[in-house]
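Below is one structure, written out as structure tokens; comments come after it.
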Amino acid sequence: MERIDIVERIGKKYLISNTEKGEFSYAKDNKKAKLKKELGEEFNNFYVDMRFCKDDVVILVETKTKFTQKDEKQLKAYLEAEKALHNTQKIIAILANTDDNKIKVWKNHINDECLLKNEVVLDTMEHYMSLFEINKQNDREKVLKNTYDLNELLHKKDIDEKLRSQFVGTTLLYIKNEVKKRGINHINDKLVKDLKEFWSNTNEDAIRVSIERTLSDLLDGSNNKAKKIELLQKNVLNDQKIKKLKLKDWIEILTTILTDIYKYIDTESEEGQDILNLFFIAFNKYTGKADKNQAFTPDHITDFMCRVVGVDRTKRVLDITCGSGSFLVQAMVKELSDCKRGKTEKEAKELMDKVKKDNIYGIEVEEKAYGLATTNMLIHGDGNSNIEFGSCFEKKEFIKEANPDIILMNPPYNAKPISIPEYYKNKWSKGAKEGKEDPTKGLVFIQYLSDIIKEINEEREAKNETRKEVKLAVLLPMSAAIGSKSDIKNIKEAMLENNTLEAVFTLPAEVFYPGASVSACCMVFTLGKPHQNSDGTINETFFGYFKEDGFKKKKNLGRVELFDEGGESKWKKIEEQWLDVFRNKKVVDGLSAMAKVSGEDEWLCEAYMKTDYSKLSQADFQKTLNNFLAHLVQKGDIYES
């Protein structure tokens, strides 16, 4: 990058030079003596290539054809000189290559801790000034602990558990808006005092109206805005128990959310977005569900599935049974983060606006879950406008208009047949059509999507356009992978006619705890690409036995993430291993396998992988014997006496 380009990018009006060559000399105006006194030694590095200044922020730029560690020491000397002469300045130090666009950026000090690894593109003075704004500090552990305490508080206030997640979500949006209106980035004692005084001078009705107005403003331009407001009124604000809250109750709840939750989440950071999602998911665990088997997908599993199918800022993502929006939020957070990669702040913002407007699509049929999805997306920075209310089976045109590149979903496993189109039920075995629940265990939903992608491709071929391939990652019960009944086998065979089964991952036994107790697997398809190639060869499928994810059940908290002695997340290491063996199609005994399968076969790793005998112990042998003995006792083949 040439000098003139660097000056124009950061801002020519902020450039401060005091030499004829345009450099800045720290030896100018007889400052050598002061430098020696302040630094305690002779100072020999006088000329930094570029120095920019605005208010109390200084940017130092040193250019090299290809910077080295020696150059870092030189830049560090300039930074120390800057501190010695101007000890109140905030400093950004930059090394910039002149033969390419590579840069390294530090904040206040030149060391590994102060290296800003995400700053890889030269940006404006205003952007670098924003790096010194005081933001909230992320604290995952405090948020999770305080979430449990907040739930207890709402229980004492007699807020129905079915309302709590939606109530807390909309209340958090209101608080976020009140803080933003005051132009404050840090939750301090003064802000808390000011807000408590503000709330004390109002009343219960006014607070409810303010929450509704906040949501209404946030939903401007959103599809189905009237329906979303109606559901907020119906399911939250007009609930009798919420209307009974006194002003002191409101102040206690609002203050608790402000000081115990929002204070510890920097929503502008990727980590903060993750914590926000954890908070929302944690509250969903306390929420009464329309179906006792309804399963909210854990955050770390949605993260893994997004990475498996390659979510990035270029992909349009769809979930036709989106529930509270976990998959959509995870996809949006990943896409927004990707928008910053290799882009200036201005460029990133334009890409982020496009992601929120054009890349996230969802459908949800259950009212409370639909309200949760809307709120969840708003909390994470919008992206809610393309979420539709209704049955996915009645939204074919919406799905086609969404034109997805990726589909992520966790369909209902026990859907009532009445909700499923006759076209699919007519293919079911005798009696299943009048049964109480979907005999395909959720497979009918992916068959429906397969048919839509097939229809899209037929339309594209008629226009001489290239076929569309869509990545689908779906959570299904193990019974859908191993079921021997015709209703399941028929769909499996039909899926392989037009689509490729890329992978099946066996997941931890209690992955949905404390929700549904079903054992689940994740299937990955490429829709629109037949499993059998045009030359007759069959694509192999990857199978992963991913039973250990580094989480453990804890009372009142569900399954929680474990950390090693060094404070590193066990899950993060496990996730990298899972992705490595999948992407590189590695066969590891006890962990993975590759196999050619048909609709007649079992679609689980257990049927194909080899046992890793090196990990077996006497305890495993004894456990197997105990389980077999218990089985015999249960069957009545033997008796305890």
Side-chain angles (χ1 to χ4, degrees), residues 1 5-6 8-11 59 61 66-67 92-107 112-133 135 138 265-277 299-300 302-318 327-361 377 380-383 404-406 408 471 473 569 572-573 575-576 578-580 582-584:
M1 184 178 292
D5 298 321
I6 295 173
E8 290 296 328
R9 178 68 64 86
I10 295 176
I59 300 174
V61 182
K66 188 175 182 180
F67 49 71
I92 292 292
I94 303 173
L95 275 178
N97 279 351
T98 53
D99 61 353
D100 58 31
N101 294 327
K102 289 183 179 178
I103 62 171
K104 288 184 79 171
V105 183
W106 291 266
K107 181 179 175 182
D112 290 344
E113 288 74 25
C114 296
L115 177 65
L116 305 179
K117 295 180 180 178
N118 292 329
E119 296 292 326
V120 295
V121 177
L122 196 69
D123 217 317
T124 63
M125 169 62 83
E126 288 72 21
H127 168 74
Y128 292 120
M129 292 183 74
S130 73
L131 300 179
F132 292 98
E133 293 179 0
N135 288 315
N138 292 314
I265 307 177
D266 175 12
T267 56
E268 299 304 312
S269 70
E270 187 174 356
E271 183 187 4
Q273 290 282 319
D274 287 342
I275 295 173
L276 199 55
N277 211 23
D299 187 47
H300 70 294
T302 62
D303 173 77
F304 170 68
M305 290 170 66
C306 281
R307 294 183 69 184
V308 162
V309 294
V311 170
D312 62 36
R313 66 193 183 210
T314 68
K315 304 298 193 304
R316 295 162 72 93
V317 179
L318 169 70
F327 279 120
L328 300 181
V329 165
Q330 188 67 252
M332 186 174 75
V333 169
K334 281 203 161 17
E335 293 206 9
L336 295 180
S337 177
D338 187 50
C339 288
K340 301 174 185 177
R341 179 174 51 85
K343 301 296 179 183
T344 64
E345 186 174 344
K346 181 182 178 182
E347 291 168 340
K349 187 180 185 305
E350 291 173 355
L351 287 171
M352 292 164 82
D353 289 342
K354 186 177 187 305
V355 162
K356 294 173 185 177
K357 179 183 176 184
D358 298 332
N359 283 19
I360 307 297
Y361 298 84
M377 298 301 287
H380 284 82
D382 208 357
D405 303 299
I406 289 171
L408 298 161
K471 291 294 183 185
S569 164
K572 291 299 180 184
K573 293 180 181 178
E575 182 181 28
E576 294 306 319
W578 287 6
L579 290 167
D580 178 59
F582 164 64
R583 287 173 179 164
N584 296 296

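This is a predicted model, so every value here is computed, not measured.
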Next on the checklist: For the NZ atom of Lys354 and the SG atom of Cys339, what is their distance to the nearest 0.5 Å?
Outcome noted: 9.5 Å

Next on the checklist: Using 0.5 Å steps for rounding, measure from the CE atom of Met125 to the OG atom of Ser130.
Outcome noted: 11.5 Å

Checklist outcome for this item: Sorted by chain and residue number, the side chain to side chain contact (heavy atoms under 4.5 Å, CB included) partners of Asp580 (sequence neighbours excluded) come out as Asn584, Lys586

Next on the checklist: Using a 3.5 Å distance criterion without hydrogens, assess whether the side chain of Lys66 forms a donor-acceptor pair with backbone atoms of Asn97.
Outcome noted: no

Next on the checklist: Checking Lys340 now: which residues fulfil side chain to side chain contact (heavy atoms under 4.5 Å, CB included) with it, not counting sequence neighbours?
Outcome noted: Ala348, Met352

Next on the checklist: Distance to the ring centre below 6.0 angstrom and angle to the axis at most 45 degrees; does that hold for Lys102 and Phe67?
Outcome noted: no

Item to check | Set of salt bridge (Lys or Arg N to Asp or Glu O under 4.0 Å) partners for Lys573, sequence neighbours left out | outcome: Asp564

Checklist entry - Looking at residues at least two apart in the chain, or sitting in another chain, which of them share a salt bridge (Lys or Arg N to Asp or Glu O under 4.0 Å) with Glu126? => result Lys54

Next on the checklist: Can you give me the closest heavy-atom contact between Arg313 and Asn359, atom names plus distance?
Outcome noted: O-ND2, 3.0 Å

Item to check | Donor-acceptor pair, side chain of Tyr361 and main chain of Pro404, under 3.5 angstrom | outcome: no

Checklist entry - Which heavy atom of Met377 sits nearest a heavy atom of Ile360, and at what distance? => result CE-CG2, 3.6 Å

Item to check | Any residue meeting salt bridge (Lys or Arg N to Asp or Glu O under 4.0 Å) with Arg307, in chain and number order, not counting sequence neighbours | outcome: Glu575, Glu576

Item to check | Separation of Leu276 CG from Ile265 CD1 (nearest 0.5 Å) | outcome: 5.0 Å

Side-chain donor-acceptor pairs of residues 114-122 under 3.5 Å, sequence neighbours excluded:
{"from": "Glu119", "atom 1": "OE1", "to": "His127", "atom 2": "NE2", "distance (Å)": "2.9"}
{"from": "Glu119", "atom 1": "OE2", "to": "His127", "atom 2": "NE2", "distance (Å)": "3.1"}

Next on the checklist: Could you go through Lys104 and Ile94, starting from their C-alpha distance and side-chain angles, then the distance that decides it, and tell me whether this counts as side chain to side chain contact (heavy atoms under 4.5 Å, CB included)?
Outcome noted: CA-CA 6 Å; Lys104 288 184 79 171; Ile94 303 173; over 6 Å; no

Item to check | Lys/Arg-Asp/Glu bridge criterion (N-O < 4.0 Å) met for Arg9, Asp5 | outcome: no

Next on the checklist: Contact between Lys107 and Phe132 at the side-chain level, heavy atoms closer than 4.5 Å - yes or no?
Outcome noted: yes

Next on the checklist: Please find the pair of heavy atoms, one from Asp123 and one from Glu345, that lie closest to each other, and give the distance.
Outcome noted: OD2-N, 2.7 Å

Checklist entry - Should Glu335 and Val311 count as side-chain neighbours, where that means a heavy-atom distance under 4.5 Å? => result yes

Checklist entry - Should Leu579 and Phe304 be marked as a side chain to side chain contact (heavy atoms under 4.5 Å, CB included) after you check the CA-CA gap, both sets of side-chain angles, and the distance that decides it? => result CA-CA 8 Å; Leu579 290 167; Phe304 170 68; 3.8 Å; yes

Checklist entry - What is the distance from atom CZ of Phe327 to atom CG of Leu318, rounded to the nearest 0.5 Å? => result 12.0 Å

Item to check | Atom pair CE/OG of Met332 and Ser337 - distance to nearest 0.5 Å | outcome: 12.5 Å

Checklist entry - Do the non-hydrogen side-chain atoms of Val317 and Asp405 ever get within less than 4.5 Å of each other? => result no

Checklist entry - Is Asp312 reaching over with its side chain to a backbone N or O of Thr314, donor-acceptor style, under 3.5 angstrom? => result yes

Checklist entry - With a 4.5 Å heavy-atom cut-off, do Leu95 and Ile103 have their side chains touching? => result no

Checklist entry - Do Asp303 and Lys334 meet the salt-bridge criterion of a basic N to acidic O distance under 4.0 Å? => result yes

Next on the checklist: With rounding to the nearest 0.5 angstrom, report the CG to NZ distance, Leu351 to Lys349.
Outcome noted: 11.0 Å

Next on the checklist: Would you say that Phe582 contacts Val308 through its side chain, given a criterion of any heavy-atom pair below 4.5 Å between the two side chains?
Outcome noted: yes

Checklist entry - Taking side chain as C-beta onward, heavy atoms only, is Ile10 less than 4.5 Å from Thr124? => result no

